[in-house]
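First comes the structure, then the notes that go with it.
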Amino acid sequence: MAEKNMDPKKCPMPVQEPDVRNKNFDEVALGYTYDMAINEARRCLNCKNRPCVEGCPVSIRIPDFIERVANEDIDGAFEVLNESTSLPAVCGRVCPQETQCEQRCVRGIKGEPVGIGRLERFVADYHRENSDAKPVIPQSNGHKVAVIGAGPSGLTAAGDLAKLGYKVTVYEALHVAGGVLSYGIPEFRLPKAIVNKEIQNLIDIGVDVETNMVIGKVLTIDEIFEMGNEAIFVGSGAGLPRFMNIPGESLNGVYSANEFLTRINLMKAYKPDSKTPIQHAKKTVVVGGGNVAMDAARSAMRLGSDEVYIVYRRGMEELPARNEEIEHAEEEGIIFKTLHNPVEILGDEEGNVKGIRCIKMELGEPDESGRRRPIEVPGSEFEIECDCVIMAIGTSPNPLISSTTPGLDTNNRGCLITKDDNGLTTRDGVYAGGDAVTGAATVILAMGAGKSAAAAIDEYISKRKM
Ligand code: SF4
Ligand code: SF4
């Protein structure tokens with residue numbers, strides 16, 4: 001057995017220097033070397049009660065994969081990951097480990113937790129770059145299922161069902177698969193080549209991915225059932241951006257974060273020879289404090305903005321983005337205007353953005369979410385000069401599927417209603433998960449929902465067979 005590493009600190013992750021990376025779209029975090037990974041893996045105590053596993057929404061056998069890394073059996077580690085996740089290189093990069101698996105790690109009590117996400121990323125990357133193992137195509141069980149949406153929840157459900165022998169067809173509305181992994185998360189956090197490879201792994205085990213298929217328009221849920229599918233998983237995400245309904249939101253230079261990031265990521269607006277129109281603003285204001293706001297702000301900086309502001313109505317402590325993303329944004333020069341809220345976007349005679357009027361806020365008593373309610377400070381309005389405003393204040397599910405499917409009910413936020421923890425909707429044989437049910441949340445929670453729904457679909461179809 002390999003000797004334990006009792007260093008209280010995680011092996012640091014090599015990263016591009018802030019002043020270099022804020023001018024390019026290459027990945028910020030460079031990944032562990034082989035020796036770093038082995039060394040970090042040896043910090044794991046292989047705890048018998050496995051508290052870290054309880055913090056993982058897709059139940060990865062964490063101590064088992066890490067033990068294999070510690071013993072330099074990287075292929076074996078990959079096999080353990082592959083039992084539970086079809087997207088390990090993605091999870092290792094974008095999962096909020098600090099509030100999931102790593103939050104439960106016992107090494108975190110007297111020091112830093114084991115770098116579980118970093119090790120997961122290492123194993124997936126090492127395997128992709130070094131293994132020539134051929135995909136194992138599961139034996140068919142003769143049953144067909146469909147998945148709507150090729151984002152994290154849909155791909156997870158598709159992978160799990162394919163591994164159980166189902167013939168799975170994934171219908172994706174856009175021209176590429178990946179959902180938010182492709183259109184939302186920028187290249188510098190999640191390179192698209194890595195997303196594409198993990199999707200290809202699913203195609204290699206027999207999953208059909210049909211793009212440009214807007215369900216509710218090209219086909220309805222009823223028609224998909226008529227094509228012989230015995231169950232359907234809806235993982236269509238939450239792609240409808242929210243706005244604040246303040247004056248000036250229709251001016252030129254105002255974007256939803258969704259549109260801004262889609263133009264950059266999916267339509268490659270960051271490439272110098274791209275024909276995709278995008279605002280190369282001198283001063284950009286991003287409204288919101290989540291990961292999407294950080295992504296939009298850091299992307300605007302990389303497109304050439306001299307000044308980029310994050311305007312958020314609560315304080316630094318309350319920012320919902322991951323700490324790592326906030327730290328990276330600060331290092332890259334993003335200016336945080338917390339405890340501020342926009343009241344109007346200002347335009348010039350030609351209808352272009354020329355500034356944003358904000359008001360200062362202070363925190364009052366906790367609201368229904370448990371967070372302290374932001375309250376306007378009277379008479380504290382001021383203006384920030386800018387030529388681009390990006391709204392990153394959340395998204396809702398698109399109503400197209402629910403409005404074209406009899407019996408599929410939604411709540412007052414437009415999210416699909418599920419009757420149990422496994423994603424059963426109000427329509428027999430239709431399961432749902434991810435942002436379509438919860439509203440915008442994290443990739444790993446969506447994957448967890450896809451996983452439980454896949455197990456429930458298998459049980460549902462098995463019972464019908466009897
Ligand atoms: Fe941790 Fe996320 Fe990996 Fe699960 S998928 S082990 S929560 S990093
Ligand atoms: Fe290893 Fe931490 Fe999990 Fe214990 S809790 S098995 S130390 S990763």
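When a ligand or atom number is given, it counts from 1 through the structure's own listing order. Residue indices begin at 1 and follow the sequence shown. Predicted, not measured: the structure shown is a model, and the values here were computed from it.
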Identity and separation of the nearest protein heavy atom to [atom]:
atom: atom 7 (S) of ligand 2; answer: Leu45 N, 3.3 Å
atom: atom 2 (Fe) of ligand 2; answer: Cys105 SG, 2.4 Å
atom: atom 6 (S) of ligand 2; answer: Cys47 N, 3.3 Å
atom: atom 1 (Fe) of ligand 2; answer: Cys44 SG, 2.4 Å

Looking at [Y] and [X], is any side-chain nitrogen of the basic one under 4.0 Å from a carboxylate oxygen of the acidic one?
X: Asp125; Y: Arg93; value: yes
X: Glu102; Y: Lys10; value: yes
X: Arg43; Y: Glu112; value: no

- Take the angle between the ring planes of Tyr460 and Tyr431 and call it parallel below 30°, perpendicular above 60°, tilted in between.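 Tyr460 vs Tyr431 ring planes: perpendicular.
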- Query: Side chain, backbone, both or neither: which part of Pro51 has a heavy atom under 4.0 Å from ligand 2?
  - Reply: side chain
- Which of the numbered atoms in ligand 2 are below 4.0 angstrom from a heavy atom of Pro63?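 Those of ligand 2 that fall under 4.0 Å from Pro63 are 6 (S).
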- For Val106, atoms of ligand 2 separated by under 4.0 Å from a heavy atom: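 Reading through ligand 2 atom by atom, the close ones are 2 (Fe), 4 (Fe), 5 (S), 7 (S).
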- Query: What protein atoms of element N, O or S are positioned under 2.8 Å from atom 1 (Fe) of ligand 1?
  - Reply: Cys101 SG
- Test side-chain hydrogen bond (donor to acceptor under 3.5 Å, both in side chains) applied to Glu331 - qualifying residues, sequence neighbours left out: Arg21
- Which of these, Asp458, Asp421, Asp160, sits in a salt bridge (Lys or Arg N to Asp or Glu O under 4.0 Å) with Lys451?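 Of Asp458, Asp421, Asp160, salt bridge (Lys or Arg N to Asp or Glu O under 4.0 Å) with Lys451 is met by Asp160 alone.
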- Item | Asn39 versus Tyr32, side-chain donor and acceptor atoms under 3.5 Å |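 Asn39 and Tyr32 do not have a side-chain donor-acceptor pair below 3.5 Å.
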- Message: For Phe78 versus Pro88, what's the shortest heavy-atom pair and its separation?
- Response: CE1-CG, 4.1 Å
- Query: Does the cation-pi check pass for Arg302 over Phe188, that is, NZ or CZ under 6.0 Å from the six-membered ring centre and within 45° of its axis?
  - Reply: yes
